[in-house]
Amino acid sequence: MKVQHLYAFNTPYVFREDVPVPRPTHAYDLLIQVDAASYCHTDHVLASGEMATVEMPPFPLVGCHEYSGTVVGLPPNSAQTEFKIGDRVGVSSRAYHPCGTCVECIEENTPDSDPKGYSVLCPHVKTNGIGMDGGWREYALVDARQVTPIPSGLTQVEVAPLMCAGITIYSAIKRTELEPGQRIGIVGCGGGLGHLGLQYATAMGLKVYGVDNADTALALARGLRNISGATIIDARTQTAPEAIAPISKEDNIAFPGQFGLDAVIILPESQKAFQYGIDMLKNHGKCIVVSFPRQGLHVSSQDLIFRDIKFMGSLSGTNKQLREMTQFSAKHGIKPEIKTFPLEKLNELVDTYNAGHGGKLVIDQHHKSS
Ligand SMILES: [Zn+2]
Ligand SMILES: [Zn+2]
C-alpha cells in the first residue's frame, strides 16, 4: 500500500508504495481504508523533534492522528464490535489498546467520562500517529473503541479535521461550563481550532469574542457564515481593556474587573496571547489553556490571587465527547475550512501549512487533481 514515512526529525516525508497492509489480530482492531487524513500543528511539532512528551516516535513513522475512513476488516471475533464492513468512521488521536485495568481506565465519574475499561488518558497506550503509525497511508488498523461513526451530512474529508482540532476545542469549551448567554473569548480564533471554536461556541448559544493578530486568520474568522453575533477582535489594533469596554455599557457596570468575559480559551503558544485573554476576563473568570509552549506560561499573582482567575488545561476529549461532538457538528452544520491534497503531495501540504495558510489542510485519498 501507499504510505508517507517520516524517517527522522526535520526531514521531508518519504512516499512509498511497497508497505504491506496491516491485519486485524486484536479483539478490538478494525481495518479501515483511509479516506481522509488531516494535518495538525502537533504533526509539525513532532516532525521538528520538539514534542514535550516522553513518547518517542518509532521511525519510520506514519504520522497523522486525525483521520477518517471506511471499515474493510473486522476483529477476529467480530461479535465484539458495533461496526460492520462499509461503515464510515472518524479516528481520533488517542487510546489504541488501552490497558483496561489502570486507574484512568476503570474510573467513570462524570457523564462525559469514557466507558469503564477504556480511557483516552490510559498511560499504557500508544498514541495514534505519534507513538505508532497513523493516517497517512491507504489502510490503517484502528481501535474500535477510539472511533466514532460518521453521521449523514458530513463527509470523511470534513470529519478528519474534527478528530483532533474539533474534539480538542469542543471539549475545551465544555470545560468552561458556561450557560447560554454567557460570554466566551477564543484567543487564536482564526486558526485550525479557533475557527471551529467560534462555530461551536455560537451554536451553543454563547456570546463569542474571537481574537487574532494576523490578516489571513482574521479574514478566515470574519468569513465564517455561521457565527452571527460574534465579535472578532484584531489584537494589533485593540488592547484587551478596549475590546471589553462595550461590555461595561451593555451590563451597566463601570468598575474594572467586574465586567468582562466569563471564560476564555487560549490557543496560541504565546505569553502575550495568554495575558491578552486573561485581561479580557472579569474577576473569578475561567482561563482554559490548550496550547503547550515548551517554556510554559507565566501567571501573575494579581490574576491568580487578587482577581481569582481560575486556570485549567485541556488536552483532548473523551470518546463520549468525540461522538457527541461529531453529532453536534452534523446537526449544526459545523464544518472546517479545508484545502485538500493527494497523499503523494504531503510535503506540498506541509509547505502550504508553513506558509501560514489558514483553516485545515487535509490529505484526500480520492483527490482529483485539477
Ligand atoms: Zn489503562
Ligand atoms: Zn492534533
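Both ligands and their constituent atoms are indexed starting at 1 by order of listing.
- Take the Zn ion (ligand 1) as the corner point: the lines to SG of C122 and to SG of C99 open at 110°, to the nearest 10 degrees.
- In this structure, K2 does not pair ionically with E138, as no charged nitrogen and carboxylate oxygen lie closer than 4.0 Å.
- Using cut-offs of 30° and 60° for the angle between ring planes, the Y353 and H44 rings count as tilted.
- Look at K360 and E337 and you find no salt bridge, because none of the NZ, NE, NH1 or NH2 atoms lies under 4.0 Å from a carboxylate O.
- Between E107 and K116 there is no salt bridge, since no side-chain N of the basic residue sits under 4.0 Å from a carboxylate O of the acidic one.
- Contact check on D215 versus R236 returns a salt bridge, with a Lys/Arg side-chain nitrogen under 4.0 Å from an Asp/Glu carboxylate oxygen.
- In this structure, E324 does not pair ionically with K331, as no charged nitrogen and carboxylate oxygen lie closer than 4.0 Å.
- To the nearest 0.5 angstrom, W136 atom CH2 is 9.0 Å from L6 atom CG.
- Looking only at protein N/O/S atoms, the ones less than 2.8 Å from the Zn ion (ligand 2) make 3 in total.
- With the Zn ion (ligand 1) as the vertex, SG of C105 and SG of C102 span 110° to the nearest 10°.
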